[in-house]
Student: 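Before I ask anything, here is the structure I am working with.
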Amino acid sequence: MSGHPTRRQLVTALTGALAAVATGGVAHAAPAASEPLAGGTVATLEAFADTMVPGEKRYASDRAVAGAAPGAGAVQAGAIALLRLPDLGLGPLLPELALLLNTRATAYALSKGRVLLPTQPPFVALDFADRTELATTLLRPTGADQRIWILLALFSAAAFDTAAQLHTVEAVKERHPGLAWLRFPSPDADGLWRFPQYSYGRRLAREHPRTTTGGSPA
Amino acid sequence: MSVTERTDVLVVGSGFGGSIPAYHLAAGGARVVVLERGPHLGSQDFAHDLRMGSYTRTVDLVEGDGITVVAGNCVGGSSVVYFAASLRAPGFVFDRQGSLGHRLWPSSLTRASLDPWYDRVEETLPVSLPRWDQVPYPGGLFAAACTRAGRTCNPVPVAVDLDRCTNCNWMLNGCHFDAKRSMLLNYLPAATAAGAEIRALHEAQTIAPATTPGYRYRVAYTVLDGDDYRVPVGAGTIEAKVLVLAGGALGTPVLLQRSAALLGGVPSAVGRYFSGNGDRVSIADVDESKVRELLGLQRAPGVAYEGFPVGKPIGSMSFDRLDPQDPEFTRFSLQQIYFPGITNILAQATDRPDSSWFGVAKKDLRSRWRSWLSVLAMTEDDNEGVFGPPPATGSFTRVASSVGLSTLRHRPTAHTLRGWAAADAEARAVLERDGLARVRPWSETVGSLTAHPLASCRMGDDPATSALDDHNELRGHPGLFVTDAAAVPTSLCVNPSLTVAALAERACPHIVDRAAEAGVAVRYGAPAPDGATSGRRGVLGQAR
């Protein structure tokens with residue numbers, strides 16, 4: 001009707017985005033994804049990603065990243081780049097998603113008597129403790145839109161834990177902050193992982209007495 | 001106007017349950033067609049890559065209500081993406097009664113009667129038992145912790161060529177080195193060599209009676225776009241004298257539900273009694289200094305462990321809680337296992353379940369990722385999963401290439417929760433002793449998660465609570481067999497693949513008999529795909 005995606009469309013698109021692209025078949029979405037997002041949308045989604053995997057501020061006046069934890073967080077790890085991955089085709093839905101989050105943030109602020117700075121999107125205007133409390137409510141199994149927020153959480157975490165918007169070989173080479181935080185191992189020169197040293201090399205337990213010669217339980 | 005094709009035997013699905021009948025029927029002389037909804041890929045396609053669009057081509061994440069299921073979606077099915085642990089189910093499993101008060105498995109099926117079929121599968125894959133010096137660091141650490149806690153621990157038999165394996169830990173992506181013995185390396189090439197035709201990106205949609213005299217079933221399928229599995233690019237029908245369903249425990253019941261009216265009804269157990277194999281995963285945050293002090297382990301100068309991402313995903317496991325004398329719903333195995341980073345989100349850093357899995361404390365937990373150890377308990381669950389009405393097409397509503405929404409609803413019963421609690425307590429008893437680690441289960445914010453879907457169209461003797469007879473034939477529908485994980489009656493307390501495969505091997509002589517009755521010139525008795533014959537010798541007495 002209005003051209004705005006419905007909540008159901010949001011759920012479907014977000015769920016789908018996880019699949020991420022079996023192939024290059026959705027590459028036709030690339031031009032749309034390169035269009036700029038409004039600053040408020042980006043800041044709102046960044047603030048949510050930062051609530052999931054918090055990091056240090058990128059610059060002194062950074063509002064979206066709350067600076068709640070040392071080191072880079074999901075934002076620096078590329079959460080917005082993942083959400084905007086051309087293959088996902090999610091770009092057009094992101095403003096509506098940020099709007100929904102800000103609606104929730106406004107309601108939360110009213111219920112808690114918080115006064116929000118009008119210069120920031122409402123979710124960004126919340127401090128880290130409030131963002132965390134609101135996110136906790138949204139992500140509960142009883143939350144009305146839980147699936148949306150779970151998926152947004154999943155993308156935030158996937159950007160940090162797996163650099164899912166990048167080929168892993170490149171991500172490791174470029175010292176992707178999430179993989180570096182995990183101390184993810186490096187591949188061989190051919191881009192494949194191998195561990196020639198992988199075992200303590202000795203018996204460390206007594207086998208169960210009721211084990212078959214093939215190694216199964218009796 | 002479309003032309004209906006005909007074949008002797010049609011197989012739906014190409015994982016363990018489909019590849020094995022396809023091989024035996026084709027090798028015995030039948031014309032065999034295999035419909036597989038996923039793509040046909042090989043080792044050169046299996047990259048070491050976590051980018052969206054790599055492994056997501058072949059792995060489905062299916063969200064139900066209260067449960068999420070991981071399953072394969074490619075030629076070779078879950079055998080391509082599995083972790084290759086290949087264990088026989090303990091004997092007591094076959095005597096389980098669940099909540100029904102009677103034996104759930106067919107009376108003809110015991111561990112002893114299945115052993116010759118396990119032998120056949122182990123010979124064919126084949127399965128290897130690693131030596132202790134072939135068990136990777138996480139498996140060694142778990143073993144040492146078991147020893148210190150007064151437990152036993154075993155190396156896990158795996159369908160892996162241990163000499164070829166590089167211990168890269170990328171099994172979920174498919175094996176780039178052809179070391180993991182998926183169906184792509186044994187049954188499927190042998191089936192193809194014997195004349196079976198494997199059609200990738202073909203998704204069966206309905207089953208109806210055939211209209212051609214001499215043929216029993218007519219299957220309608222769609223052809224899927226390899227770049228976007230949601231998009232159909234063709235359709236067709238094919239008639240067969242014998243139909244074998246092996247589309248997995250999330251696929252087979254849904255296909256039958258959708259076909260129920262066309263078939264004049266299906267047994268009431270179709271789409272009920274789903275089991276997630278009682279899977280329960282916990283993450284241990286291991287104290288490196290304690291590994292050195294308490295266990296005396298050191299992998300390199302100054303490094304005690306830090307080995308979470310190294311090796312094969314499954315290395316060792318404890319059988320201590322598989323005592324047949326213990327009551328049902330308290331028995332389980334505890335297995336060391338590795339899951340890729342996409343699951344890191346599920347690890348809990350605090351004891352506040354609503355917020356334990358994100359935020360500051362969770363990021364701090366991630367900084368010790370290399371010191372994590374994860375363990376999988378495979379418990380006795382209560383077969384409590386139930387499928388709702390089927391979607392218009394497919395096994396679930398595919399919202400994108402690797403994500404689906406299923407009608408499967410799962411609410412763990414008190415029995416299942418009892419098993420999980422016992423498993424949690426044991427994991428803590430082994431790993432938290434003297435402060436070695438801090439152990440917490442995966443977050444249950446989105447319900448439970450299983451990589452072992454079972455039992456949604458199960459075998460049994462009781463028509464009220466089982467859909468298949470003891471030869472895997474659907475009750476009331478002669479010549480229609482189910483040979484995948486859906487047929488397994490209960491959770492197994494071990495990884496299911498070897499049992500799924502053994503049951504499929506066991507069904508083959510009966511499928512051959514039905515085909516022969518329908519006039520197909522086919523015999524049972526092919527050797528293993530590589531020509532080995534000792535497994536065949538072991539079963540020929542049973543098969544006839």
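A quick note: this is a predicted structure, and the numbers were derived from the prediction, not measured. Labels below follow one simple rule: chain letters A, B, ... track the order of the sequence lines, proteins then strands, and each chain is numbered from 1.
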Student: I'd like to know if Arg366(B) pairs up with Asp161(A) as an ion pair, taking the criterion as any Lys NZ or Arg NE/NH1/NH2 lying under 4.0 Å from an Asp or Glu carboxylate oxygen.
Tutor: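 Counted as a salt bridge, because a side-chain N and a carboxylate O are separated by less than 4.0 Å.
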
Student: How many angstroms lie between CG in Leu141(B) and CG in Leu204(A), if you round to the nearest 0.5 Å?
Tutor: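 Rounded to the nearest 0.5 Å, the CG-CG separation comes to 9.0 Å.
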
Student: Check this for me: Arg370(B), atom CZ, are more than 12 non-hydrogen atoms of other residues, nucleotides or ligands nearer than 6.0 Å?
Tutor: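 It does: Arg370(B) CZ has more than 12 such atoms within range.
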
Student: With chain B, which of Phe184(A), Phe128(A), Phe160(A), Phe195(A) has the greatest number of heavy-atom pairs at distances under 4.5 Å?
Tutor: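 Top count of heavy-atom pairs under 4.5 Å with chain B: Phe195(A).
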
Student: Using 30° and 60° as the class limits, which term best fits the ring planes of Trp193(A) and His48(B): parallel, tilted or perpendicular?
Tutor: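 Answer is tilted, since the angle falls between 30° and 60°.
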
Student: Considering non-hydrogen atoms only, spot the tightest contact between Leu297(B) and Arg202(A) and give its length.
Tutor: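 Between these two residues, the closest heavy atoms are CD2-NH2, 3.4 Å.
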
Student: How close do Pro141(A) and Thr445(B) get, counting heavy atoms only, and between which atoms?
Tutor: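 Pro141(A) and Thr445(B) have their closest heavy atoms at CG-O, 3.5 Å.
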
Student: Is the closest side-chain heavy-atom distance between Arg210(A) and Pro324(B) below 4.5 Å?
Tutor: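 When only atoms from C-beta onward are counted, Pro324(B) and Arg210(A) do touch, with a gap below 4.5 Å.
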
Student: Measure the shortest side-chain to side-chain distance between Met52(B) and Thr162(A) over non-hydrogen atoms and say whether it is less than 4.5 angstrom.
Tutor: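 In short, these two side chains do not touch, never coming nearer than 4.5 Å.
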
Student: Find the distance between CG (Asp354(B)) and OG1 (Thr132(A)) and round it off to the nearest 0.5 Å.
Tutor: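 Reported to 0.5 Å precision, the distance equals 12.5 Å.
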
Student: When you measure from the side chain of Asp49(B) to the backbone N and O of Thr168(A), does any donor-acceptor pair fall under 3.5 Å?
Tutor: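 Yes, because the side chain of Asp49(B) sits within donor-acceptor range (under 3.5 Å) of the backbone of Thr168(A).
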
Student: Which residue out of Ala218(A), Ala158(A), Ala171(A) racks up the most heavy-atom pairs below 4.5 Å with chain B?
Tutor: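 Between Ala218(A), Ala158(A), Ala171(A), the count favours Ala218(A).
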
Student: Answer yes or no: is there a donor N or O on one side and an acceptor on the other, between the side chain of Ser355(B) and the main chain of Thr136(A), under 3.5 Å?
Tutor: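 No, Ser355(B) side chain to Thr136(A) backbone: no donor-acceptor pair under 3.5 Å.
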
Student: In the structure I gave you, are the side-chain heavy atoms of Lys312(B) and Tyr198(A) within less than 4.5 Å of one another anywhere?
Tutor: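 In short, these two side chains touch, coming nearer than 4.5 Å.
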
Student: Tell me, out of Val127(B), Asp133(B), Asn167(B), Asp115(B), who's got the most heavy-atom pairs with chain A below 4.5 Å.
Tutor: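 Looking at each option in turn, the highest pair count goes to Asn167(B).
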
Student: What are the two closest non-hydrogen atoms of Ala205(A) and Ala143(B), and how far apart are they?
Tutor: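 Minimum heavy-atom separation between Ala205(A) and Ala143(B): CB-O, 3.7 Å.
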
Student: With side chain to side chain contact (heavy atoms under 4.5 Å, CB included) as the criterion, how do Arg51(B) and Leu85(A) come out once you've worked through the C-alpha distance, each side chain's angles and the decisive distance to 0.1 Å?
Tutor: CA-CA 11 Å; Arg51(B) 189 184 191 274; Leu85(A) 196 66; 3.5 Å; yes

Student: So which part of Ala304(B) gets closer than 4.5 Å to some heavy atom of chain A, the side chain, the backbone, both or neither?
Tutor: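 Interface part for Ala304(B): backbone (N, CA, C, O).
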
Student: Sort Cys146(B) into side chain, backbone, both or neither according to what part of it lies under 4.5 angstrom from a heavy atom of chain A.
Tutor: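 For Cys146(B), no heavy atom lies under 4.5 Å from chain A.
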
Student: To the closest 0.5 Å, what do you measure between CG (Leu192(A)) and OG1 (Thr166(B))?
Tutor: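 With rounding to 0.5 Å, CG (Leu192(A)) is 8.0 Å from OG1 (Thr166(B)).
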
Student: Mind ranking Cys493(B), Pro157(B), Pro138(B) by heavy-atom pairs under 4.5 Å with chain A and telling me who comes out on top?
Tutor: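 With the most close heavy-atom pairs to chain A, the winner is Pro157(B).
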
Student: Which residue out of Ala69(A), Ala164(A), Gly201(A), Pro196(A) racks up the most heavy-atom pairs below 4.5 Å with chain B?
Tutor: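 Highest number of pairs under 4.5 Å: Ala164(A).
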
Student: What part of Trp357(B) gets within 4.5 angstrom of chain A, counting heavy atoms only: side chain, backbone, both, or neither?
Tutor: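 Side chain of Trp357(B) only, per the 4.5 Å heavy-atom cut-off to chain A.
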
Student: Return the OG to CD1 distance between Ser443(B) and Ile150(A), rounded to the nearest 0.5 Å.
Tutor: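 Between atom OG of Ser443(B) and atom CD1 of Ile150(A) there are 7.5 Å.
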
Student: Quick check: closest heavy atoms across Val135(B) and Ser199(A), and the distance to 0.1 Å?
Tutor: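 Minimum heavy-atom separation between Val135(B) and Ser199(A): O-OG, 2.7 Å.
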
Student: Can you tell me how far apart CD (Glu207(A)) and OG1 (Thr152(B)) are? Round to the nearest 0.5 Å.
Tutor: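 Here the rounded value is 8.5 Å.
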
Student: Rounded at 0.5 Å granularity, tell me how far OG in Ser318(B) sits from NE2 in His208(A).
Tutor: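 Output value for this atom pair is 7.0 Å.
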
Student: Between chain B and each of Ala72(A), Ser156(A), Ala74(A), Gly73(A), count heavy-atom pairs under 4.5 Å; write down the option with the most.
Tutor: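 If we count pairs closer than 4.5 Å to chain B, Ala72(A) comes out on top.
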
Student: Quick one about Thr211(A) and Asn154(B) (side-chain donor to acceptor, distance below 3.5 Å, no hydrogens or angles considered), yes or no?
Tutor: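 Present: a donor and an acceptor within the cut-off.
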
Student: Given the side-chain rings of Tyr200(A) and Tyr137(B), with only the six-membered ring counted for Trp, is the space between their centroids under 6.0 Å?
Tutor: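 Distance test on ring centres: under 6.0 Å, yes.
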
Student: Decide, yes or no, whether a salt bridge links Glu306(B) with Arg183(A) under the criterion of side-chain N to carboxylate O below 4.0 Å.
Tutor: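 Salt bridge present between Glu306(B) and Arg183(A).
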
Student: Give a yes or no on this: more than 12 heavy atoms of other residues, nucleotides or ligands lie within 6.0 Å of atom CZ of Arg352(B).
Tutor: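 Not buried by this count: 12 neighbours or fewer within 6.0 Å.
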
Student: Does any backbone or side-chain atom of Val494(B) lie under 4.5 Å from a heavy atom of chain A? Answer side chain, backbone, both or neither.
Tutor: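 Contact with chain A is through the side chain of Val494(B) alone.
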
Student: What part of Pro187(A) lies closer than 4.5 angstrom to a heavy atom of chain B: side chain, backbone, both or neither?
Tutor: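 When you check distances to chain B, no heavy atom of Pro187(A) falls under 4.5 Å.
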
Student: Does any backbone or side-chain atom of Leu322(B) lie under 4.5 Å from a heavy atom of chain A? Answer side chain, backbone, both or neither.
Tutor: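 Side chain of Leu322(B) only, per the 4.5 Å heavy-atom cut-off to chain A.
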
Student: Contact part of Tyr55(B) toward chain A, heavy-atom cut-off under 4.5 Å: side chain, backbone, both or neither?
Tutor: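 No part of Tyr55(B) comes within 4.5 Å of chain A.
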
Student: Looking at Ala144(B), Gly359(B), Gly140(B), Gly91(B), which makes the most heavy-atom pairs under 4.5 Å with chain A?
Tutor: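 With the most close heavy-atom pairs to chain A, the winner is Gly359(B).
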
Student: So which heavy atom on Gly55(A) is nearest to which on Lys363(B), and how close?
Tutor: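 Here Gly55(A) and Lys363(B) meet closest at CA-NZ, 3.9 Å.
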
Student: Looking at Arg111(B) and Ser216(A), what are the two nearest heavy atoms and their distance?
Tutor: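 Closest approach of Arg111(B) to Ser216(A): NH2-CB, 4.4 Å.
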
Student: Would you check if the side chain of Gln197(A) reaches a backbone N or O of Arg299(B) as a donor-acceptor pair within less than 3.5 Å?
Tutor: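 Looks like no, no N/O pair under 3.5 Å.
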
Student: Does any backbone or side-chain atom of Pro353(B) lie under 4.5 Å from a heavy atom of chain A? Answer side chain, backbone, both or neither.
Tutor: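 Pro353(B) has no heavy atom closer than 4.5 Å to chain A.
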
Student: Could you check which of Val310(B), Asp225(B), Asp320(B) has the highest count of heavy-atom pairs closer than 4.5 Å to chain A?
Tutor: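 Of the candidates given, the most pairs with chain A belong to Val310(B).
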
Student: Using a 4.5 angstrom heavy-atom cutoff, name the option from Ser86(B), Ser333(B), Gly341(B), Pro136(B) with the most pairs to chain A.
Tutor: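 Heavy-atom pairs under 4.5 Å are most numerous for Pro136(B).
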
Student: With a 4.5 Å limit on heavy-atom distance, are the side chains of Leu182(A) and Asn344(B) in contact?
Tutor: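 Yes, at least one pair of side-chain atoms sits under 4.5 Å.
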
